[in-house]
Amino acid sequence: MQSTRRTRPAAPLLAVVPDPPAPTLPKRDEERPQSRLFKIIAFLPLVFIFGLLLFTAYAFLYSLCIDYLLVRRNRPFKAFVYASVFLWLFIGCGGSVWMAYWRGGGVVPGAGEWKRQDEEARLEQPEGVKNEVGRFVLGAEDEEEEEEVVQEGEGGETEDQALLEGSSGRWGPAAGGAGQGTTWQGGRLRPKNALQVKSDGGARFCRKCNVYKPDRAHHCSSCRRCILKMDHHCPWLGGGCVGWANYKFFLLFLLYTGALGAFVAGISFQELVNFVDDNDDGFELAPISWAIAALLGAIFGFAVGLFGLYHLYLAASNRTTIEAMEPPTSFTSTLPPSHLLPSSSSPASPSIQRLTAQLSAKQRHRLSRAIRDLNVYDLGWKENLRLVFGGRKRWWMWGVPWGWPPGDGQSFPISATNLSKLEQVTRDIYADPQGSGRGPTNAINLDTNSGDEDDLPLRSA
């Protein structure tokens, strides 16, 4: 008797909805290629930092804690407490600065691939290495303003028009605030639902990297790359940038360095005083390494500690150094209201530039102050710190130099309250210029055919 096999119903092809793809994390190899000489020069500041840490470890850990307190004075408890606190701060400081260098600020996806071949060819030229070293030592011109400059010459207007088509302003289908993810447009990876725009309402595009700029991303003239949530360029980190990927480690390095310097300075000065009191010839016999470690700890602890407290304030308010010095002036919410624009207006239309450029000085001041005060990225100091150090569940990871910040560095949660207030302030400013009582259509010329477009200012105050 043959056994019959009962057939089972076929399972659906997608019984479980697949998870969305994980965000693409930036890699160190996406940064610009560097010559061997440039790498050596750029690495010297890190050698200096680790040299100071090793000297401090010798002077405090070995000479003070082990050789003096443990061996000569027979005080194991005090030596153990001093050594434990020192090792905790020492590992936190050294690990944080290394991770800040190794991780890098985070290059915008696609920015590194576009320029790699061109820069590799430049380095092969005889003057290539010399120019690279000169840019690192002497600095370079600021290239951040390239997003606001309209290219002139043959094909420039056509290219700008193509780049601005379908920009994610309030006229696009994806309007309504900052969103998640990216989308392909014209063969380029473009931020989806970007909140920051150019002064004419178009998407922020970097012609040097050939990529669309996500919110809070900027082009670094030294790294020659667009960096995610760029804070600043730091030569102490091997000539790299501080950005979304390594800001946590940079902030931990500043805080650990300030605490380590203050701890070493205080304990070393105290033990020096005790050493002099316990010995007849204390001044002649006192270890010079203790005094040097105490002096270095006081200098670096005070200077770096204050710098760390300032960056802790910026992290608590969810601002970068660039945003604190010059807040972004163009959001989708700070553009002219749609009812003031002609029906045929688009993000690439010069009408938006005319409306913004013809604002009075008082209006410009009010709008600039509103953007500074109503930080759309400010979610409260607790949530702001979580976005830097980690999520709610892994609170113990806040002080550990490891892990990735939440998100993908290309889109950020926003405060709906501040965004709505900013929109209301913008409508009020355009509705009542200088409090004169005149309507905005009478105060501002909407004729798009008058005037020379090349003379239009491209930046609002």
Side-chain angles (χ1 to χ4, degrees), residues 18-32 46 91-113 178-182 189 191-195 211 213-218 220 223 225-234 236-238 240-256 308 311-312 314-323 377-414:
D19 296 331
T24 303
L25 300 178
K27 300 178 181 179
R28 183 77 181 180
D29 56 7
E30 293 177 350
E31 297 184 358
R32 64 175 176 142
L46 283 174
I91 295 175
C93 178
S96 297
V97 68
W98 178 256
M99 285 298 297
Y101 159 76
W102 183 258
R103 183 66 59 80
V107 179
V108 174
E113 301 174 0
Q180 300 291 332
T182 56
L189 195 63
K192 186 179 181 180
N193 294 350
L195 185 65
V211 292
K213 289 184 179 181
D215 286 345
R216 315 181 79 175
H218 296 274
C220 178
C223 295
R225 295 289 186 272
C226 287
I227 306 299
L228 295 171
K229 193 186 176 184
M230 179 179 174
D231 189 88
H232 67 282
H233 181 80
C234 184
W236 291 94
L237 299 180
C241 276
V242 177
W244 171 80
N246 65 349
Y247 186 74
K248 169 187 175 180
F249 309 121
F250 174 76
L251 181 55
L252 286 179
F253 164 65
L254 297 180
L255 297 179
Y256 275 125
H311 272 276
L312 185 63
L314 292 180
S317 58
N318 204 346
R319 292 183 187 273
T320 63
T321 301
I322 296 178
E323 294 170 351
Y377 301 110
D378 189 3
L379 306 177
W381 68 270
K382 291 184 179 180
E383 188 63 27
N384 294 336
L385 292 179
R386 292 191 186 103
L387 293 177
V388 174
F389 293 104
R392 297 183 179 89
K393 297 181 180 179
R394 298 186 300 173
W395 58 269
W396 52 272
M397 289 285 293
W398 283 30
V400 178
W402 191 254
W404 287 90
D408 57 0
Q410 303 181 50
S411 57
F412 304 91
I414 61 174

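In this chain, residues are counted from 1 in sequence order. Quick caveat, the model's predicted, so the values are computed rather than measured.
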Less than 6.0 angstrom from the centroid, inside 45 degrees of the normal: does Arg103 satisfy that with respect to the ring of Phe249?
no

Which pair of non-hydrogen atoms, one from Pro401 and one from Ser96, has the smallest distance, and what is that distance?
CB-OG, 3.7 Å

Rounded at 0.5 Å granularity, tell me how far CH2 in Trp402 sits from CE in Met99.
5.0 Å

Looking at side-chain heavy atoms only, is the closest gap between Phe412 and Leu195 below 4.5 Å?
no

Treating Glu383 as the side-chain partner and Gly380 as the backbone partner, does any N or O pair qualify as donor plus acceptor under 3.5 Å?
no

Ring geometry between Tyr101 and Trp98 (parallel below 30°, tilted from 30 to 60°, perpendicular above 60°):
tilted

Approximate separation, where rounding is to 0.5 Å, of Leu252 CG and Phe389 CZ:
5.5 Å

Any side-chain heavy-atom pair from Trp236 and Phe253 closer than 4.5 angstrom?
no

Polar side chain donor-acceptor pair, Asp378 to Ser317, under 3.5 angstrom
no

Measuring from Leu228:CG to Met230:CE, what's the distance to the nearest 0.5 Å?
11.5 Å

Any side-chain to backbone donor/acceptor pair from Asn384 onto Arg319? Under 3.5 Å, distance only.
no

Please tell me if the side chains of Leu387 and Pro413 come closer than 4.5 Å, counting only heavy atoms from C-beta onward.
yes

Do Asn246 and Leu237 come within less than 4.5 Å of each other through their side chains, counting heavy atoms only?
yes

Cys223 and Cys220 have their tightest heavy-atom pair at N-SG, 3.3 Å

Do the side chains of Lys229 and Pro405 get nearer than 4.5 Å, heavy atoms only?
no

For the OG1 atom of Thr320 and the CD1 atom of Ile227, what is their distance to the nearest 0.5 Å?
13.0 Å

Within the structure provided, determine whether Asn318 and Arg216 are in side-chain contact (heavy-atom separation under 4.5 Å).
yes

Validation row: Leu385, Leu312 side chains within 4.5 angstrom (heavy atoms)
yes

Side-chain heavy atoms of Lys248 within contact of Trp398, under 4.5 Å
no

Would you call the rings of Phe250 and His311 parallel, tilted or perpendicular if under 30° counts as parallel and over 60° as perpendicular?
perpendicular

Closest non-hydrogen atom pair, His233 against Cys241:
ND1-SG, 3.4 Å

Hey, does the side chain of Lys213 reach the backbone of Val108 with a donor-acceptor pair shorter than 3.5 angstrom?
no

